[in-house]
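Read through the structure below, which is laid out as structure tokens, and then see the notes.
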Amino acid sequence: MPRSGWVKPRSDQRLSDHISIGVLTRVFAPELVDEVVAQAGRRERRRRLLPARVVVYYVLAMALFAESSYEEVMRQLVEGLAWESGWQRSWEVPSKVAIFLARQRLGPEPLELLFRAVAEPLATSATRGAFYRALRVMSLDGTCLDVADTPENDRAFGRPGSSRREGGGAFPQLRLVGLAESGTHAICDAGLGPYSSSEKELADPLIDRLGEGMLCLADRGFYSFERFQRARATGAQLLWRVMSHMLLPREEQLADGSYLTRIYKTQNDQRRKRAGERVRVVEYQLSDPALAEEEQRYRLITTILEPDAGPASELAALYPQRWELESALDELKTHQRGPRAVLRSKHPDGVYQEAYGHLCTHYAIRRVMHDAALRADLVPHRLSFIRSLRAARRSTRTQPGFSPPQPRRRA
């Protein structure tokens with residue numbers, strides 16, 4: 001009788017050569033996984049029953065099958081394999097403890113490196129709905145993810161306040177700020193931190209991912225003079241909402257209803273008209289009785305100074321594309337992770353590892369969706385994420401991720 005845990009494979013057939021993860025393997029090839037594992041210093045010095053490559057794919061599968069138990073997730077990885085695909089012996093699912101220890105050895109770094117190695121804008125010149133006048137539309141936005149309510153997570157992440165519960169909200173929370181391509185919902189970079197960190201703080205490193213040929217949209221919560229100037233220095237064009245009480249005097253009225261003004265680092269600089277930076281202001285009002293008066297009024301500042309390059313009416317109509325990132329984050333939180341679900345990891349390192357696994361898996365699904373949209377000449381973000389998620393899950397059972405090695409021939 002085999003002992004509990006995995007039955008040891010033949011020396012020429014490693015488990016990592018048989019893992020089935022379907023369409024996700026198109027994005028996260030085994031060679032890339034091995035590379036980030038080595039870069040993070042997690043390469044094994046001895047053969048293990050759960051090698052690092054397997055554990056990386058396991059974390060991706062945790063995001064794909066977020067509502068399944070730890071053991072069931074592992075079953076999903078190997079379910080599509082059969083005798084004719086090269087298996088010589090049967091396998092048993094490792095215990096929950098063995099999986100936990102393997103994830104602990106791996107740590108969060110390989111998953112973060114994997115996400116940053118792959119995540120980039122997807123749209124090409126043939127992609128519909130991803131550009132405004134040849135500018136790739138990008139968005140900044142943030143959200144929070146509930147994490148398992150353990151003392152370790154509570155200390156590391158903190159939780160929101162609550163008038164109904166002593167000690168704060170029901171769960172500790174991980175704060176996430178993303179930079180996404182609006183037209184494809186591809187989250188191209190992300191900053192993660194405890195609930196106590198601010199969205200502005202997490203957004204700062206993401207701004208360096210902007211560049212020429214991009215147009216970045218952001219809500220009023222992200223604005224500061226320094227941050228706006230840092231984003232402008234990347235060469236990207238900006239269209240950011242600002243607070244309604246921000247002082248923006250009309251210096252030059254333009255024919256399309258917008259006007260030119262200057263922004264300053266401090267109020268003292270503004271009073272002295274010292275070191276100001278020229279921007280253009282677009283103001284408009286929404287006629288929605290369900291919104292408070294403050295919410296109906298929008299003030300946008302932009303680095304597109306010439307109305308011919310971006311008329312005020314077009315920029316006002318474009319700004320709602322910022323909410324495409326909210327939709328992308330909802331895809332990850334509500335559909336991929338599951339409604340009202342929490343990240344299952346009970347320790348902070350596991351939380352970050354799991355969160356990057358979710359980001360990787362969401363990006364991979366969106367990349368497959370983009371490829372399908374190109375073939376069908378459709379707008380990528382109009383395709384159904386839920387149907388694509390279900391297809392990705394089915395693919396783990398029907399499409400081996402990569403073939404087992406061929407046995408060597410004797411000379």
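Values below: every heavy atom of this structure, side chains too, minus hydrogens, waters and symmetry copies.
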Pair [X] + [Y]: basic N to acidic O under 4.0 Å:
| X | Y | answer |
| --- | --- | --- |
| Glu152 | Lys346 | no |
| Glu277 | Arg232 | yes |
| Arg262 | Glu251 | yes |
| Asp149 | Arg159 | yes |
| Arg133 | Glu314 | yes |

Is it the case that over 12 heavy atoms from other parts of the model lie below 6.0 angstrom from the [atom1] atom of [X]?
| X | atom1 | result |
| --- | --- | --- |
| Lys200 | NZ | yes |
| Arg230 | CZ | yes |
| Glu212 | CD | no |
| Glu306 | CD | no |

Exam field: side chain [X] to backbone [Y], donor-acceptor pair closer than 3.5 Å:
| X | Y | result |
| --- | --- | --- |
| Arg136 | Ala123 | yes |
| Ser197 | Pro194 | yes |
| Arg366 | Pro380 | yes |
| Arg299 | Ser244 | yes |
| Thr261 | Arg250 | no |
| Arg155 | Thr150 | no |
| Glu181 | Ile187 | no |
| Arg274 | Arg272 | no |
| Gln321 | Leu217 | no |
| Ser345 | Gly350 | yes |

Do Phe228 and Trp240 have ring centroids that are under 6.0 Å from one another?
yes

Looking only at the aromatic ring of each residue, does the gap between the centers of His362 and Phe385 stay below 6.0 angstrom?
yes

How many angstroms lie between [atom1] in [X] and [atom2] in [Y], if you round to the nearest 0.5 Å?
| X | Y | atom1 | atom2 | answer |
| --- | --- | --- | --- | --- |
| Ile301 | Ser258 | CD1 | OG | 13.0 Å |
| Arg103 | His347 | CZ | NE2 | 10.0 Å |
| Glu252 | Leu305 | CD | CG | 10.0 Å |
| Thr361 | Leu332 | OG1 | CG | 8.5 Å |
| Leu174 | Leu176 | CG | CG | 6.5 Å |
| Ser224 | Asp204 | OG | CG | 7.0 Å |

Angle between ring planes, Tyr352 versus Phe157, binned at 30° and 60°: parallel, tilted or perpendicular?
tilted

Once you measure the plane-to-plane angle for His185 and His381, does it fall in the parallel (<30°), tilted (30-60°) or perpendicular (>60°) bin?
parallel

Are [X] and [Y] packed together at the side-chain level, in the sense that at least one heavy-atom pair is separated by less than 4.5 angstrom?
| X | Y | value |
| --- | --- | --- |
| Asn153 | Pro348 | yes |
| Asp141 | Arg322 | yes |
| Leu300 | Val242 | no |
| Thr127 | Leu122 | no |
| Met246 | Tyr223 | yes |
| Arg367 | Val118 | yes |
| Tyr57 | Arg53 | yes |
| Leu24 | Leu64 | yes |

Test log, rule side chain to side chain contact (heavy atoms under 4.5 Å, CB included), inputs Leu179 and Leu325
CA-CA 8 Å; Leu179 174 67; Leu325 177 49; over 6 Å; no

Might you point out which heavy atoms bring [X] and [Y] nearest each other, and give the distance in Å?
| X | Y | result |
| --- | --- | --- |
| Arg105 | Leu50 | NH2-O, 3.9 Å |
| Tyr195 | Cys144 | CD1-SG, 3.9 Å |
| Met74 | Tyr58 | CE-CD1, 3.5 Å |
| Ile207 | Ala231 | CG2-CA, 3.4 Å |
| Ala275 | Tyr264 | C-CD2, 4.1 Å |
| Leu238 | Thr302 | O-OG1, 2.8 Å |

In sequence, state the C-alpha distance, the side-chain angles, and the governing distance for Arg116 and Glu112, and then conclude on salt bridge (Lys or Arg N to Asp or Glu O under 4.0 Å).
CA-CA 6 Å; Arg116 301 197 187 284; Glu112 179 179 358; 3.2 Å; yes

Given side chain to side chain contact (heavy atoms under 4.5 Å, CB included), test Leu145 with Lys333 step by step and report yes or no.
CA-CA 7 Å; Leu145 301 175; Lys333 290 177 61 175; 3.3 Å; yes

Side chain to side chain contact (heavy atoms under 4.5 Å, CB included) between Leu113 and Tyr356, intermediate numbers included:
CA-CA 9 Å; Leu113 291 171; Tyr356 278 113; over 6 Å; no

Derivation and outcome, side chain to side chain contact (heavy atoms under 4.5 Å, CB included), residues Asp146 and Leu343:
CA-CA 6 Å; Asp146 291 338; Leu343 297 184; over 6 Å; no

Do Asp269 and Thr266 get their side chains close enough for a donor-acceptor pair, meaning under 3.5 Å?
yes

Just checking, is any N or O donor in the side chain of Gln237 or Thr303 under 3.5 Å from an acceptor N or O on the other one?
yes

